[in-house]
Each structure stands twice: as structure tokens, then as C-alpha cells.
Protein chains: 2
Amino acid sequence: MRIGELAERAGTTTRTLRYYEARGLLPARRDANGYRDYDERDLKLLRQIRTLQDFGFDLEETRPFVECLRAGHPEGDACPASLAVYRRKLDELDALIGELQAVRAQIGVRLALAEDPKCELGGQQW
Amino acid sequence: MRIGELAERAGTTTRTLRYYEARGLLPARRDANGYRDYDERDLKLLRQIRTLQDFGFDLEETRPFVECLRAGHPEGDACPASLAVYRRKLDELDALIGELQAVRAQIGVRLALAEDPKCELGGQQW
DNA sequence: GTAAGCCTTGACGTCGGGGTCAAGGCAAGG
DNA sequence: CCTTGCCTTGACCCCGACGTCAAGGCTTAC
């Protein structure tokens with residue numbers, strides 16, 4: 001399978017695949033004419049990368065999963081390094097979600113105050 | 001007040017102030033020698049920008065607040081345009097938080113499954 | 001033979017919010 | 001007079017994940 005077909009089957013672009021190869025994430029075999037040659041396993045690796053990217057993982061964070069698959073495991077998250085990335089991501093997400101909720105609350109209060117200036121008088125009307 | 005003093009009093013850098021000016025967000029008067037000259041009102045505008053930036057607002061999103069203050073309102077969020085930005089931000093935050101929570105849940109499940117392969121057998125052990 | 005449709009590498013653009021020089025002007029103190 | 005410490009503009013650098021040419025090579029179809 002050539003680069004265009006792989007890109008299409010994975011719902012991405014050839015530019016992206018070349019970029020992954022340049023990063024050492026998805027190296028490609030070459031045909032006699034220099035064309036990149038991929039197989040079904042590469043498609044699986046690529047899908048793993050794309051899934052994690054959709055989750056918001058950095059490209060580098062997908063590397064352990066890809067290497068895990070390449071090592072022969074049926075799932076990319078069957079290796080300790082992958083699990084470590086999962087855990088770190090959970091912590092990051094919890095922290096981020098917490099911050100966003102705090103910001104959301106702040107803005108909510110400010111909006112309420114600005115929408116209804118009476119509230120600024122102290123709430124004695126309750 | 002010159003640029004260095006304003007930057008220090010607002011806890012930011014001169015580069016940042018020049019950047020804001022280039023964006024048309026915080027124009028500065030000039031001394032005879034070409035030095036930027038700021039006053040207390042500029043400090044207030046700058047603090048409004050910084051507060052919103054800390055909340056994760058884009059620079060452009062702070063513009064209505066700055067213009068509101070410049071129009072003479074004591075609070076930057078006293079104008080309809082500012083309130084519209086607040087509301088849009090709340091929607092964005094709600095959407096984002098929701099997505100992040102969904103991702104968090106997905107990763108949590110995957111981590112649990114990968115940590116304890118027994119779960120994959122179907123949960124008959126319960 | 002030539003046009004179409006793949007493929008190759010290389011290199012620059014994008015976005016936001018500035019950071020980091022570089023080269024030079026202005027003001028004050030010793 | 002010289003240094004120090006402000007200030008000025010201009011210009012390139014950074015990050016991440018690609019997008020978008022440009023110039024050229026291979027293959028197949030007509």
C-alpha cells in the first residue's frame with residue numbers, strides 16, 4: 001500500500017504520514033522506485049496514533065503505544081510505558097478540568113453581577 | 001509613567017506592552033523624545049487585559065472590555081459586547097469541559113482494562 | 001508522445017503571545 | 001567625557017502539527 005492509500009484509509013493526509021516518519025514515529029519501507037510501502041500493521045499503528053491524538057495526546061506521548069504494538073502486543077496500551085502515559089494524562093486532565101471549572105465559576109459570577117447590578121448591593125433583597 | 005514602570009507595576013514585560021500596542025489594544029501617548037507615556041488609566045486597562053488573559057481569553061476577546069473601560073465605564077464588563085464575550089466563553093468552557101471529561105472517562109476505562117486484564121473476560125467474576 | 005495522477009524531497013507559512021537579540025538615541029551622575 | 005540605564009525600532013526565534021507550494025520523477029492510459 002502506498003502513502004496515499006494509507007492516508008485515505010486512516011482518514012488523514014500524506015503530509016501527516018511524512019511528518020510522522022520524519023519524527024521517527026512511523027518509518028516506512030521503500031519500493032524499488034523509492035515510494036513508501038505500508039502494510040496493514042502500519043495502518044494499525046497509524047490508527048493508534050490518531051486515536052490518541054484525538055484524545056489530545058501529544059505526538060511524543062503516542063510513541064510508547066506505537067512501540068508497544070510494534071513489539072508484538074495486540075494492544076498499544078499493554079505495556080507499562082503506555083500505562084504511565086495514561087496515568088499522567090489522567091492527572092493532567094484532572095488538573096486542567098479543575099482549573100477550567102474554577103474559571104467557569106469566576107466568569108459565571110462576573111456575568112451575573114454585570115447582568116444584574118442589583119446583586120452588587122449585597123443581596124439584602126433576599 | 002514610562003513603559004518599564006508600567007510593565008513592572010502590572011507584572012508583565014515591556015515587550016508585552018509593545019505587542020499590545022502593535023495590536024492596537026493599548027496605544028500609548030508619546031513624550032517629546034518619543035518615549036511612550038502611560039497613566040493610571042492605562043494601568044487599569046492593562047490589568048483588565050491581564051486578568052482576562054489569565055482566565056484564558058484570547059487577546060482579541062479582551063478588546064471589548066478595554067474599549068468599555070476607555071468609554072468611561074468603571075468596569076470593563078459593563079457593556080453588552082463584554083457580556084457577549086462572557087457568554088460565549090461560558091459556552092466554550094462548558095463544551096470544552098464536557099469533552100475533557102468524556103476523554104478522561106475513556107482513558108480511565110482503558111487504563112482499568114489494561115491494568116487488570118481479568119476485566120476483559122466479561123465481569124463474570126462479580 | 002503526452003496527459004493524468006500518483007509519488008519524491010525541500011522549504012516556507014500558519015497561529016498566539018510574546019522572547020531575545022541588535023543597533024542606536026536620550027538623560028543623568030561622577 | 002564616559003558610563004549606566006533607561007528608551008526606540010526592527011527583525012528573527014519559539015512551540016506543535018501539520019498545510020501548501022515548487023520542481024521534478026515514475027507509471028499507466030490514451
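Basis for what follows: all heavy atoms, side chains included, without hydrogens, waters or symmetry-related copies. Letters A, B, ... mirror the listed sequences (proteins, then strands); counts begin at 1.
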| query | If you fit an axis to the five pairs at each end of the helix from C:dG1-D:dC30 to C:dG30-D:dC1, how big is the angle between those two axes, to 10 degrees? | reply | 40°
| message | At less than 4.0 Å, is any side-chain N or O atom of A:Thr16 found next to OP1 or OP2 of D:dG19? Yes or no. | response | yes
| query | For A:Asp91, which residues count as a side-chain contact (heavy atoms from CB on, under 4.5 Å) partner, sequence neighbours excluded? | reply | none
| Are any of A:Tyr20's side-chain N or O atoms less than 4.0 Å away from OP1 or OP2 of D:dC18? | yes
| task | Can you sort out the partners of B:Asp54 under side-chain contact (heavy atoms from CB on, under 4.5 Å), two or more places apart, ordered by chain and number? | result | none
Table please: side-chain donor-acceptor pairs of residues 96-109 of chain B below 3.5 Å, with sequence neighbours left out.
| residue | atom | partner | partner atom | Å |
| --- | --- | --- | --- | --- |
| B:Arg104 | NH1 | A:Asp94 | OD1 | 2.7 |
| B:Arg104 | NH1 | A:Asp94 | OD2 | 2.7 |
| B:Gln106 | OE1 | B:Arg110 | NE | 3.4 |

| Contact residues, residues 40-57 of chain B to DNA chain D [heavy atom, < 4.0 Å] | none
Enumerate the protein-to-nucleotides 22-28 of chain D contacts in which both atoms are nitrogen or oxygen and the separation is below 3.5 Å.
| residue | atom | partner | partner atom | Å |
| --- | --- | --- | --- | --- |
| D:dG25 | N2 | A:Tyr35 | OH | 2.7 |

| query | Are the charged groups of B:Arg29 and B:Asp39 less than 4.0 angstrom apart, N to O? | reply | yes
| note | Contacts satisfying disulfide (SG to SG under 2.5 Å) that involve residues 29-69 of chain B (not counting sequence neighbours) are B:Cys68-B:Cys79
| note | Applied to residues 78-88 of chain B, the salt bridge (Lys or Arg N to Asp or Glu O under 4.0 Å) test, sequence neighbours excluded, yields A:Glu115-B:Arg87, B:Glu61-B:Arg88, B:Arg88-B:Glu92
| message | Running the 4.5 Å side-chain criterion over Ile, Leu, Val, Met, Phe, Trp and Tyr, what cluster does B:Ile3 land in, apart from itself? | response | B:Met1, B:Leu6, B:Leu17, B:Tyr19, B:Tyr20, B:Leu25, B:Leu26, B:Tyr38, B:Leu43, B:Leu45, B:Leu46, B:Ile49, B:Leu59, B:Val66, B:Leu69
| message | Suppose we call two aromatic rings close when their centres sit under 6.0 Å apart. Are A:Tyr86 and A:Phe55 close by that rule? | response | no
| message | Can you pull out the residues from residues 83-95 of chain B that lie within a 4.0 Å heavy-atom distance of DNA chain D? | response | none
| task | Could I get the full list of salt bridge (Lys or Arg N to Asp or Glu O under 4.0 Å) partners for B:Arg63, not counting sequence neighbours? | result | B:Glu60
Name the pairs: protein N/O against N/O of nucleotides 9-11 of chain C, kept only if under 3.5 Å.
| residue | atom | partner | partner atom | Å |
| --- | --- | --- | --- | --- |
| C:dT9 | OP1 | A:Arg30 | NH1 | 3.3 |
| C:dT9 | OP1 | A:Arg30 | NH2 | 3.2 |
| C:dT9 | OP2 | A:Arg36 | NH1 | 3.0 |
| C:dT9 | OP2 | A:Arg36 | NH2 | 2.7 |

